[in-house]
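Here the structure is laid out as structure tokens; the discussion comes afterwards.
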Amino acid sequence: MLDPKLIRDNPEKIREMLRLRNIDFPLDEFIKSDKERRELIIKTDELRKTKNQISIEIAKKKKSNEDASSIIKQMQTISQELQKLEEIQLKTEDNYKKLSLTLPNLIHESVPAGKDETANKEIRKSGNTPTFDFKILDHIDLTQNLGLVDLERAAKVSGARFYYLKNQLVRLNQALLQFALDFLTEKNYTPIQTPYMINRNAMEGAIIARDFEDVIYKVEGEDLYLIGTSEHAIASMYEDEIIEGKSLPLRYAGVSPCFRKEAGAHGRDQKGIFRVHQFEKVEQFVFSTPEESWNEHEKMLHNVEEFYQKLGIPYRIMLLSSGDMGKVSAKTYDLEAWMAGQNSYREVASCSNCLDFQARRLKIRFRNRTDEQPQYLHTLNSTLVATTRTMVAILENFQTKDGHVSIPKAIQKYIGSSTI
RNA sequence: GCGGGGGUCGCCUAGCCUGGUAGGGCGUGGGAUUGCUAAUCCCAUGUCCGCAAGGACCCGUGGGUUCAAAUCCCACUCCCCGCGCCA
């Protein structure tokens, strides 16, 4: 949600944002409904004012045992009038709210303009891509040969894009989670394991409702949705609260499974465990003051980079273009890891500053003193590790001539072995 | 799942039976005063509309009754206690 005052005073800025994001939005209708809404508030407030005054008079008369019947009649008509007006106001307010919840976030000036991923900008590369003196395999063949994944039976039981992890890959999955958690704990992040299902209100706070269908699973017969990332559950945890300024920034290391429909991804990454409906993730989530949020954003990016460096996985950092970026984000970096089996860099982490967009939807504010006007804080989120994709990178980049995989030094102690 | 008790403006609490402008304490900030510390007193401290003056809203949520609802009625929700079930 954006600041209504900004939209009112600066509609051209919003129009430009919509153009850059390549999004259809009835901005003029929205501005009109905001105006209507405010006019109605003034009208109903005035009527309520007279109603309150008369109510006091009735109370006075009753107290002194005077006859109040004529004045009560007056109240009756006012009450009826007010009821009608309130109905109209509710409708306008509803319309306004619905639209305001679908309006995407502002775009930071450093974001390259462009309609899709072809406009993304490479910021830097790190690490040398590995060279091999033998014919390499992709992660699908590797996991098959080593008995690490069973896709056929998963398809039988759950459908496409599900998997059974087996043997050492189960341990690798756990090792990455444990390593990631240790890594962030050392940086003073608070570990947090969230609910895996949250209600609609909470979900709407974190993402835009229209995106539900493509991304989020709904639990039948309940007001519950499976989280697509712990970000959804962490963002909403402080809903409707005022946080003490001195406790900011709040840095969380969220641990959770992630559930995603991956609708509309037909044909892409059909095989293997690269694009799946379910995986585990350690997520960085930060509640920050507006002044510090851009610094925090860079820090989070630095953390993911350091993590991948420790694993020894080559990567490049991409700054997403206006058209490729998610709607709640004002600026997003992707970390793309080198995947030898595919001979390309592939997205494994995403680092976003949402400014006050989520905070407004969730009414999360902060203030330094209690006599101070509370203001919306900023929220940021970044993957630290999403296990399945990182495992793909490890499998493909660290494969050996004998068909096995060596395990990065940093996580050997969690697995208790140096090869798979 | 059943029975009982509860949810009040940051925190604690009064008001609910008997409907008529939501009161007090704590905390926090500002000010006054006292030679310092302490104490005391005053003001501020939820949301929305408004340039402002001012006004409206706010008692878990949503309905209902009524001229009028924190208060009465109904439904839902969350918390606490007991029972049941259970990894």
Side-chain angles (χ1 to χ4, degrees), chain A residues 1-10 30-101 193-205 219 221-225 233 236-248 250 257 287 289 356 358-377:
Chain A
M1 202 183 287
L2 298 177
D3 185 354
K5 282 208 180 78
L6 179 82
I7 301 167
R8 236 173 271 155
D9 300 341
N10 229 328
F30 181 60
I31 291 169
K32 200 177 133 213
S33 92
D34 177 44
K35 196 170 169 231
E36 271 173 19
R37 171 186 150 263
R38 283 181 298 140
E39 282 166 2
L40 277 165
I41 286 173
I42 293 169
K43 257 197 210 168
T44 44
D45 274 7
E46 259 164 29
L47 201 56
R48 285 203 190 100
K49 183 182 169 183
T50 39
K51 191 187 147 184
N52 287 344
Q53 285 169 341
I54 293 172
S55 185
I56 290 165
E57 272 179 61
I58 292 173
K60 267 187 200 158
K61 290 205 170 176
K62 289 255 174 174
K63 248 180 204 160
S64 57
N65 279 323
E66 281 176 68
D67 174 48
S69 56
S70 75
I71 203 167
I72 282 176
K73 229 172 211 161
Q74 205 184 330
M75 265 291 263
Q76 278 167 334
T77 43
I78 287 180
S79 283
Q80 278 168 14
E81 222 176 299
L82 186 61
Q83 212 175 355
K84 274 186 218 157
L85 207 56
E86 274 173 344
E87 263 171 53
I88 299 168
Q89 199 209 331
L90 212 72
K91 257 192 204 158
T92 335
E93 197 78 42
D94 240 40
N95 186 35
Y96 171 81
K97 233 190 193 155
K98 259 188 210 144
L99 283 174
S100 82
L101 283 173
Q193 198 167 339
T194 70
Y196 303 156
M197 293 176 249
I198 62 178
N199 62 34
R200 186 179 179 93
N201 181 58
M203 195 59 94
E204 259 182 346
V219 178
E222 307 272 347
D223 178 24
L224 287 172
Y225 298 81
S236 46
M237 73 190 264
Y238 286 108
E239 174 172 14
D240 223 353
E241 293 192 32
I242 298 170
I243 294 171
E244 261 186 79
K246 65 174 181 232
S247 65
L248 296 177
L250 289 166
F287 297 92
T289 59
D356 62 1
Q358 290 177 321
R360 277 182 187 277
R361 299 173 146 242
L362 290 160
K363 298 187 276 300
I364 309 174
R365 289 161 300 163
F366 77 98
R367 65 178 163 205
N368 295 309
R369 303 194 316 257
T370 50
D371 65 329
E372 203 177 76
Q373 189 75 259
Q375 56 172 319
Y376 291 105
L377 47 72

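Each chain gets a letter, A, B and so on, in the order the sequences are listed, and its residues count up from 1.
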Problem set entry | Rounded P spacing from B:rA38 to B:rG27 in Å | 13 Å

Exercise. Is the CD atom of A:Gln83 crowded by more than 12 outside heavy atoms at less than 6.0 Å?
Worked result: no

Exercise. Across all strands shown, which nucleotide pairs with B:rA22 by Watson-Crick or G-U wobble geometry, both distances under 3.5 Å?
Worked result: none

For this session: Could you please name the partner base of B:rG1, counting Watson-Crick and G-U wobble pairs only when both distances are under 3.5 Å?
Result: B:rC83

Exercise. How long is the line joining NZ of A:Lys49 and P of B:rA53, in whole Å?
Worked result: 14 Å

For this session: Would you please confirm or rule out a distance under 4.0 Å between OP1 or OP2 of B:rG50 and any side-chain N or O of A:Arg8?
Result: yes

Exercise. Is any side-chain heavy atom of A:Gln74 closer than 4.5 Å to a side-chain heavy atom of A:Glu57?
Worked result: no

Exercise. So, is A:Arg367 near the phosphate of B:rG29, with a side-chain N or O under 4.0 Å from OP1 or OP2?
Worked result: no

Exercise. A:Asn199 has an atom CG; how far is it from atom C1' of B:rC78, in whole Å?
Worked result: 12 Å

Exercise. Reckon A:Arg360 touches a base, only the sugar-phosphate, or nothing at all at heavy-atom distances under 4.0 Å?
Worked result: nothing

Exercise. Phosphate oxygens OP1/OP2 of B:rG55: is one of them under 4.0 Å from a side-chain N or O of A:Asn52?
Worked result: no

Seminar exercise, completed: note: A:Glu57, atom CD; B:rG20, atom C1'; distance rounded to Å ~ 13 Å

For this session: Using atom CG of A:Leu47 as one end and atom P of B:rC57 as the other, report the distance to the nearest whole Å.
Result: 11 Å

For this session: Please determine, for B:rC17, whether a Watson-Crick or G-U wobble partner exists with both distances under 3.5 Å, and give it or none.
Result: none

Exercise. Expressed in whole Å, how much space separates the C1' atoms belonging to B:rG19 and B:rG64?
Worked result: 15 Å

Problem set entry | Whole-Å C1' distance, B:rG29 and B:rC78 | 33 Å

Problem set entry | Ion pair A:Arg48/A:Asp45, N-O distance below 4.0 Å | yes

Seminar exercise, completed: Comparing A:Ile54 with A:Pro374, nearest RNA chain B nucleotide closer to 5' gives the residue A:Ile54

Problem set entry | Short side-chain N/O contact to B:rC49 OP1/OP2 from A:Arg37, under 4.0 Å | yes

For this session: Report the distance from atom CD of A:Glu222 to atom P of B:rC78, rounded to the nearest whole Å.
Result: 10 Å

Problem set entry | Separation of B:rU45 P from A:Glu244 CD (nearest whole Å) | 19 Å

Problem set entry | Rounded distance (Å) that lies between atom C1' of B:rC9 and atom CG of A:Asp240 | 13 Å

Problem set entry | Under-4.0 Å salt bridge between A:Arg360 and A:Asp356 | yes

Exercise. A:Phe366 CZ to B:rG10 C1': how many Å, rounded?
Worked result: 16 Å

Exercise. Distance between the C1' atoms of B:rC43 and B:rU33, in whole angstroms?
Worked result: 15 Å

Exercise. Mind checking the P distance from B:rA32 to B:rC80? Whole angstroms is fine.
Worked result: 47 Å

For this session: Using Watson-Crick or G-U wobble geometry with both distances below 3.5 Å, tell me the partner of B:rG46, or none.
Result: B:rC57

Problem set entry | Nearest heavy-atom neighbours spanning A:Leu82 and A:Lys51 | CD2-CD, 3.7 Å

Problem set entry | C1'-based separation of B:rC59 from B:rU13 [nearest Å] | 13 Å

Problem set entry | Phosphate OP1/OP2 of B:rG50: any A:Arg38 side-chain N/O under 4.0 Å | yes

Seminar exercise, completed: Using Watson-Crick geometry (N1-N3 plus N6-O4 or O6-N4) or G-U wobble (N1-O2, O6-N3), each under 3.5 Å, B:rC41 is paired with B:rG31

Exercise. Of A:Tyr376 and A:Thr50, whose closest RNA chain B nucleotide lies nearer the 5' terminus?
Worked result: A:Tyr376

Problem set entry | CE/A:Met197: more than 12 non-hydrogen atoms of other groups inside 6.0 Å | no

Problem set entry | Atom C1', compared across B:rC9 and B:rC57: separation rounded to whole Å | 12 Å

For this session: Decide, yes or no, whether a salt bridge links A:Asp94 with A:Lys97 under the criterion of side-chain N to carboxylate O below 4.0 Å.
Result: no

For this session: Could you please name the option among B:rA56, B:rC48, B:rU47 that lies closest to any side-chain atom of A:Ile41?
Result: B:rC48

Seminar exercise, completed: When every non-hydrogen atom of A:Glu86 is compared with those of A:Thr44, the smallest separation belongs to N-CG2, 4.4 Å

For this session: Starting at the 5' end of nucleotides 58-70 of chain B, put B wherever the base has a protein heavy atom under 4.0 Å, S where only the sugar-phosphate does, and a dash everywhere else.
Result: ---------BS--

Problem set entry | Euclidean distance for C1', B:rC79 against B:rU8 (whole angstrom) | 15 Å

For this session: Measure across A:Thr92 and A:Ser33 and return the closest heavy-atom pair with its distance rounded to 0.1 Å.
Result: CG2-O, 4.1 Å

